[in-house]
Amino acid sequence: GQGVDEPLSATGFRQADAAGVFLSNVKFTHAFSSDLLRAKQTCAAILGKNKFCRDLEIKYDARLRERKYGVAEGRPLADLKAMAKDAGEQCPSFTPSGGETLDEVRERARDFFEFLCQLAVGLEQKEPGASSRSSGTPKEQFVFPWTNDCSEGEPSSEGSGSSKVLDANILVVSHGAYMRNWIGYFVSDLNCTLPANLTKSQLSSVSPNTGVSHFIVKLENGNLSKPEITCVCLNQDSHL
C-alpha cells in the first residue's frame with residue numbers, strides 16, 4: 001500500500017538490476033515513477049543499467065502510488081483476505097476501512113494516462129517531425145528484448161518500425177495492484193488490443209516484482225479522445 005514506505009529488500013535490488021540489464025538497450029525519452037521509495041529505487045536501478053539514458057531525469061508522481069489499503073496496510077495478506085471474507089466480499093474488490101476503491105485507483109490511472117497522452121501530443125506539436133523519426137538514432141537503441149512468445153503485437157523489426165514512429169518512449173515504474181487496475185482501464189474503457197495467446201487469468205493477475213509490460217499508444221492527428229493501444233507484452237518476467 002501507501003502507508004508503509006519501505007525500501008527494497010536485497011532480493012528487490014537484485015530483481016531491479018536484472019530488469020535494468022534486460023532493458024539496457026531501450027532508449028527511453030522520459031521516466032516516471034511512483035514517489036514511494038521502493039518504486040524510486042527500482043526506477044533508478046533500471047536507468048543505472050541503461051546504455052543510453054543513465055542521466056535521464058526521473059519525475060515522481062503520486063498518481064502512480066500503490067492502491068491505498070487503509071487499516072490493512074502493514075499487515076499480512078491473510079489479514080486482508082480475512083477482512084474481505086468477514087464482509088462477504090472477494091479480496092481483490094474489497095475495500096478496507098480507510099482504503100481506496102478500485103474505481104478511485106482507476107481514476108488515478110486514467111488521469112495519469114491522459115497526462116502522458118497530452119505530453120506526447122505536445123512533443124509532436126512542438127517539434128513536428130523532429131522526434132525519433134528523423135533523429136538518426138541507431139535503430140538498436142530502440143530494440144525491445146521480448147521473447148518470441150510475447151511478440152504478437154510487436155511492430156515489425158524490418159526497417160525498425162518502432163524506432164521510426166515513436167515520438168516518446170516512456171518508462172513508468174509503479175505497483176502491482178495499481179497496474180492491474182490501469183491495464184483493466186486500457187482493456188475495458190479503451191479497447192486495448194491484446195496478444196492472441198494471453199489468457200484471462202494472465203490478464204487479471206498481478207505483475208511479479210519488476211514484471212515488464214509494453215504498450216504502444218497511437219494518437220492519430222493528436223486525437224486525445226481515441227488513443228489506439230496495443231499490448232505487446234504483459235508482465236514479462238524472463239529476466240528473473
Side-chain angles (χ1 to χ4, degrees), residues 7-61 64 112-113 116 119-120 123 130-176 178-179 182-183 195 198 202 206-217 229-240:
L8 291 176
S9 64
T11 298
F13 277 112
R14 288 195 296 271
Q15 292 172 331
D17 284 345
V21 172
F22 183 62
L23 298 171
S24 61
N25 285 316
V26 181
K27 186 174 182 180
F28 297 107
T29 59
H30 302 77
F32 292 92
S33 170
S34 158
D35 62 352
L36 297 177
L37 182 57
R38 57 193 184 273
K40 286 181 174 181
Q41 292 174 327
T42 299
C43 192
I46 290 172
L47 292 182
K49 297 290 185 181
N50 197 278
K51 295 178 181 178
F52 307 106
C53 44
R54 290 178 184 173
D55 297 324
L56 184 64
E57 178 188 5
I58 301 171
K59 295 185 178 180
Y60 303 110
D61 198 306
L64 293 172
F112 183 77
F113 176 65
L116 290 184
L119 171 69
L123 289 172
S131 63
S132 57
R133 284 179 288 193
S134 57
S135 63
T137 304
K139 68 180 183 179
E140 61 269 15
Q141 292 188 7
F142 290 90
V143 170
F144 296 96
W146 313 133
T147 53
N148 290 335
D149 62 336
C150 290
S151 61
E152 294 287 342
E154 193 167 10
S156 170
S157 58
E158 189 174 329
S160 189
S162 58
S163 70
K164 289 186 177 181
V165 301
L166 288 179
D167 291 309
N169 192 21
I170 304 171
L171 172 67
V172 178
V173 178
S174 186
H175 308 268
Y178 175 89
M179 291 188 292
W182 187 348
I183 293 164
L198 194 70
Q202 288 174 319
V206 173
S207 173
N209 287 340
T210 71
V212 178
S213 296
H214 179 195
F215 295 90
I216 298 170
V217 181
I229 306 173
T230 300
C231 175
V232 176
C233 208
L234 190 69
N235 301 337
Q236 162 71 263
D237 65 350
S238 63
H239 54 285
L240 296 178

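Below, all heavy atoms of this structure are taken into account, side chains as well, without hydrogens, waters or symmetry copies.
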>> Could you walk me through whether Lys27 and Asn169 satisfy the side chain to side chain donor-acceptor pair (under 3.5 Å) test, starting with their C-alpha distance in whole Å, then the side-chain angles of each, then the deciding distance to 0.1 Å, before giving a yes or no?
In response: CA-CA 7 Å; Lys27 186 174 182 180; Asn169 192 21; over 6 Å; no
Main chain of [Y], side chain of [X]: is a donor-acceptor contact present, judged purely on distance under 3.5 Å?
{"X": "Asp237", "Y": "Leu240", "result": "no"}
{"X": "Gln236", "Y": "Ser238", "result": "yes"}
{"X": "Ser174", "Y": "Leu64", "result": "yes"}
{"X": "Thr210", "Y": "Ala19", "result": "no"}
{"X": "Asn25", "Y": "Phe144", "result": "no"}

Calculate, to the nearest 0.5 Å, the distance between atoms [atom1] and [atom2] belonging to [X] and [Y] respectively.
{"X": "Thr42", "Y": "His175", "atom1": "OG1", "atom2": "NE2", "answer": "8.5 Å"}
{"X": "Phe28", "Y": "Leu23", "atom1": "CZ", "atom2": "CG", "answer": "5.0 Å"}
{"X": "Tyr178", "Y": "Ser207", "atom1": "OH", "atom2": "OG", "answer": "14.5 Å"}
{"X": "Leu36", "Y": "Tyr60", "atom1": "CG", "atom2": "OH", "answer": "12.0 Å"}
{"X": "Ile216", "Y": "Cys231", "atom1": "CD1", "atom2": "SG", "answer": "9.5 Å"}
{"X": "Ile170", "Y": "Leu116", "atom1": "CD1", "atom2": "CG", "answer": "4.5 Å"}

[X] versus [Y]: any side-chain heavy-atom pair under 4.5 Å?
{"X": "Asn235", "Y": "Pro208", "answer": "yes"}
{"X": "Trp182", "Y": "Val172", "answer": "yes"}
{"X": "Leu234", "Y": "Leu198", "answer": "yes"}
{"X": "Ser213", "Y": "Val232", "answer": "no"}

> For Leu171 and Ile46, what are the C-alpha separation, side-chain angles and deciding distance, and is it a side chain to side chain contact (heavy atoms under 4.5 Å, CB included)?
Replying inline: CA-CA 9 Å; Leu171 172 67; Ile46 290 172; 4.0 Å; yes
> With a 6.0 Å cut-off on ring centres, are Phe32 and Phe112 close enough?
Replying inline: yes
> Step by step, would you call Leu47 with Ile58 a side chain to side chain contact (heavy atoms under 4.5 Å, CB included)?
Replying inline: CA-CA 9 Å; Leu47 292 182; Ile58 301 171; 3.5 Å; yes
> Passes side chain to side chain contact (heavy atoms under 4.5 Å, CB included), Leu123 versus His30? Steps please.
Replying inline: CA-CA 12 Å; Leu123 289 172; His30 302 77; 3.4 Å; yes
> Got more than 12 heavy atoms from elsewhere within 6.0 Å of NZ, Lys49?
Replying inline: no
> What do the steps show when you test His239 against Val212 for side chain to side chain contact (heavy atoms under 4.5 Å, CB included), and what is the final call?
Replying inline: CA-CA 9 Å; His239 54 285; Val212 178; 4.0 Å; yes
